[in-house]
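Here is the structure we will look at, set down as structure tokens.
Reminder, nothing fancy here: chain letters follow the sequence lines and each chain counts from 1. Bear in mind that the values here come from a model prediction, so they are computed numbers and not experimental data.
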Number of protein chains: 2
Amino acid sequence: MAVTIKDIAEKVGVSVTTISRVLNNRGYISDNLKKRVQDAMEEMNYQPNEIARSLSRKKSNIIGLIIPDVSHPFFAELTKNIEYYAYSHGYKILLCNSLLNKRKEKEYFDLLKASRVDGIILGSHTMGVEEYRSIKLPIVTIDRQITDSIPCISSDNYEGGKLATKVLIDKKCRKIAYISGNLQLNLLATKRHDAFLEQVKANGVEYVVKQTHVNGFNLEDYRKLVHALFKEHPDVDGVFASSDIIAMEVVRECHRLGKSIPDQVRVVGYDGIEQGYFQNCEITTIEQPIKDMGELAVQYLIQQIAGEAPPMETILPIKLLKRGTA
Amino acid sequence: MAVTIKDIAEKVGVSVTTISRVLNNRGYISDNLKKRVQDAMEEMNYQPNEIARSLSRKKSNIIGLIIPDVSHPFFAELTKNIEYYAYSHGYKILLCNSLLNKRKEKEYFDLLKASRVDGIILGSHTMGVEEYRSIKLPIVTIDRQITDSIPCISSDNYEGGKLATKVLIDKKCRKIAYISGNLQLNLLATKRHDAFLEQVKANGVEYVVKQTHVNGFNLEDYRKLVHALFKEHPDVDGVFASSDIIAMEVVRECHRLGKSIPDQVRVVGYDGIEQGYFQNCEITTIEQPIKDMGELAVQYLIQQIAGEAPPMETILPIKLLKRGTA
DNA sequence: TTGTATGCGTTATCAT
DNA sequence: ATGATAACGCATACAA
């Protein structure tokens, strides 16, 4: 049985209240007593029971993080940063991979509510708007605007889409493909799509759009999609992929087909996942400020927890990373 | 204020004990009453307070996961699988990135103990053996053997090192380099090193060993290390990298130096991170069974939590993935 | 400056 | 088959 506040109290010969006080550094306690208590804690190797504290304070200091999949480099990087900032503010992270499964996402919400997390950061969003409204918890979403009452942090998807497309157009691509996951799943990513359309149309460039209808991202699906793209449109000489993962798949398929990059096909990705461990990808891409996104997500969530009202919409600047594929 | 068991009790007109019973499906309750209670819960949108349950039961159903860095693809993939299996067994995951910082790792241990997690899965290990002994919690380590009383799950590092080296030797490499992170940090990875040495010596092949002394992995360090390797040993024609991340860096440097792969330099990596999102790396590598490692880690931990004794040492088979770089 | 008593939401031990 | 009541470990309003 672990040592409790009561054991310390008995050892020092005072009441539990006093122990609680030095634990929380509240109220008045003589320096002498304080030291004796601390020594006793040290000696008995006392660990405050956070569960009991949470119950009593009605605050868990836990943030629930729901994302599609940590093993996706964008979310891995995001998760790392979120955990870092959360920790530095005294919060712990409960990790949930929804795998873009609606039922699972719902279960996680219930789980997080039951666990009395203080708030939720949401990088995955497959449920209906109404279901989110019913959640009374502080929420911050990443790159996925749900309602106008839930703060959303995103990078400038429109500008990113525009920049990416422009690069391809400037390099004289004749037929440009936009290839992405299920647009339904990420309303904000459609802005990349919108920007793409505007650019190609404004410049009179031939184009084609490819997207999976599958409910989730899956490398195999991407592969098939990319394969189909070049089979149906062998004359495509420019590709804007909505994630670096997809872009890598495009590069791969081109190698397979013997198409040289960037000579015969130019490729621009999205995310800038090389921020962490992938600086070797060498893919020209639009870099999202993942670190800032994570930091702001935590900050805004904590503000809400404190009863403050963070901005409802935050659009962070993106950056074009010119590299080898375009 | 959230609705509690007490509210339900009043609504249905029974005692809290009864509510608790239907909640836990324990003891006898008439089907009729059971249904009435469940309906009331539904109607009032009741969410059991897991914190209170944890306090009462002295069990949190939370597993602490300490790894160096989720954004490293090996750990990202591992984390995904661990979370998946933990969830399917009714456990939640508290994520901790130690960043291979000893002080931080210690803080996380205290945090997890204070949070009353039911057990810890450890993929990071920088503290001294004694410090781990003092931890009374169930622990399982991944790829890092600490003491003979803490179950450790790893892939067959020796065999992996042997296989990787053999590939290079079979392909007639004349001078082979082994390049890795700080060997001190991962006693098990030294087995790859041992196997490497045995092979090159047994076959009379010239070799060189390069490793960072930095306490943690950092892409920049790897880059410098790789750069130094080829500067000091331009005649190296085979490289065994202790992780795919490093291998990718080697590939990159070779491109930069105009050395063709695999003609002038052959490269073998380690990890098999392409299991998730990186099947495009095309690096010949030793694949670790990450999924199995995650599943077993959870399984062994839960066994310990249940008072059972899982195997102390589990070595999973690795696989050579023959691809383009060797 | 320190102590007493009560509550946090649930489970568990007795009763009945 | 159901209920009263005491834990669980800590925080806090109110006393002293």
Original post:
Is B/Leu33 touching bases, backbone alone, or none of the nucleic acid, heavy atoms closer than 4.0 Å?
Top reply: sugar-phosphate
Subject >> Integer-rounded Å distance: C/dT10 P and B/Leu23 CG >> reply: 7 Å
**OP:** Kindly indicate, with the supporting measurements, whether the criterion ring-ring contact (aromatic ring centres under 6.0 Å, His included) is fulfilled by A/Tyr108 and B/Tyr87.
**Re:** CA-CA 10 Å; A/Tyr108 274 125; B/Tyr87 177 71; 4.6 Å; yes
**OP:** Please report, rounded to the nearest Å, how far the P atom of D/dG3 is from the CD1 atom of B/Ile5.
**Re:** 12 Å
**OP:** Without swapping roles, check the side chain of B/Asn81 against the backbone of B/Glu77 for a donor-acceptor pair under 3.5 Å.
**Re:** yes
Subject >> Integer-rounded Å distance: C/dT11 P and B/Asn61 CG >> reply: 12 Å
Original post:
Which of the following nucleotides, C/dG3, D/dC10, C/dT11, is nearest to the side chain of B/Arg53?
Top reply: C/dT11
Subject >> Pair B/Asn101, B/Lys106: side-chain N/O donor-acceptor within cut-off below 3.5 Å >> reply: no
Original post:
Does B/Thr4 place a side-chain N or O at less than 4.0 Å from the phosphate oxygens OP1/OP2 of C/dC8?
Top reply: no
Original post:
Can a side chain N or O of B/Tyr46 be found less than 4.0 Å away from OP1 or OP2 on C/dT10?
Top reply: yes
Original post:
In degrees rounded to 10°, what angle is found between the helical axes fit to the five outermost pairs at each end of the helix from C/dT1-D/dA16 to C/dT16-D/dA1?
Top reply: 40°
Short N/O separations, protein against nucleotides 12-15 of chain C, under 3.5 angstrom:
residue : atom : partner : partner atom : Å
C/dA12  : OP2  : B/Arg26 : NH2          : 3.2
C/dA12  : N6   : B/Thr17 : OG1          : 3.4

Original post:
Which whole-number value in Å describes the distance from A/Lys58 NZ to D/dT12 C1'?
Top reply: 13 Å
**OP:** Using atom types as modelled and distance alone, determine if a side-chain donor or acceptor of B/Ser98 lies under 3.5 Å from a backbone N or O of B/Ile66.
**Re:** no
Subject >> Nearest-angstrom distance from the residue atom NZ of B/Lys6 to P of C/dT11 >> reply: 16 Å
Original post:
For B/Val14, does its backbone N or O pair with a side-chain atom of B/Thr18 as donor and acceptor, under 3.5 Å?
Top reply: no
Original post:
Just how far, in rounded Å, is C1' of C/dG9 from NZ of A/Lys113?
Top reply: 18 Å
Original post:
Quick one: does B/Met312's side chain get under 4.5 Å of B/Tyr300's, heavy atoms only?
Top reply: no
Original post:
Judged by atom type as modelled, is there a donor-acceptor pair below 3.5 Å linking the side chain of A/Arg36 to the main-chain atoms of A/Val12?
Top reply: yes
Subject >> Separation of C/dT10 C1' from A/Leu55 CG (nearest whole Å) >> reply: 8 Å
**OP:** Measure the distance from CD1 on B/Ile51 to C1' on C/dT10 and round it to the nearest whole Å.
**Re:** 12 Å
Original post:
OP1 or OP2 of D/dC10 sitting under 4.0 Å from any side-chain N/O of A/Ser54?
Top reply: no
**OP:** May I ask you to decide if A/Ser71's main-chain N or O and A/Asp69's side chain share a donor-acceptor pair within less than 3.5 Å?
**Re:** yes
Subject >> Pairing residues for B/Ser20 by the side chain to side chain donor-acceptor pair (under 3.5 Å) criterion, not counting sequence neighbours >> reply: B/Asn24
**OP:** For B/Arg116 and for B/Tyr28, find the nucleotide of DNA chain D with the closest heavy atom, then tell me which residue's nucleotide is more 5'.
**Re:** B/Tyr28
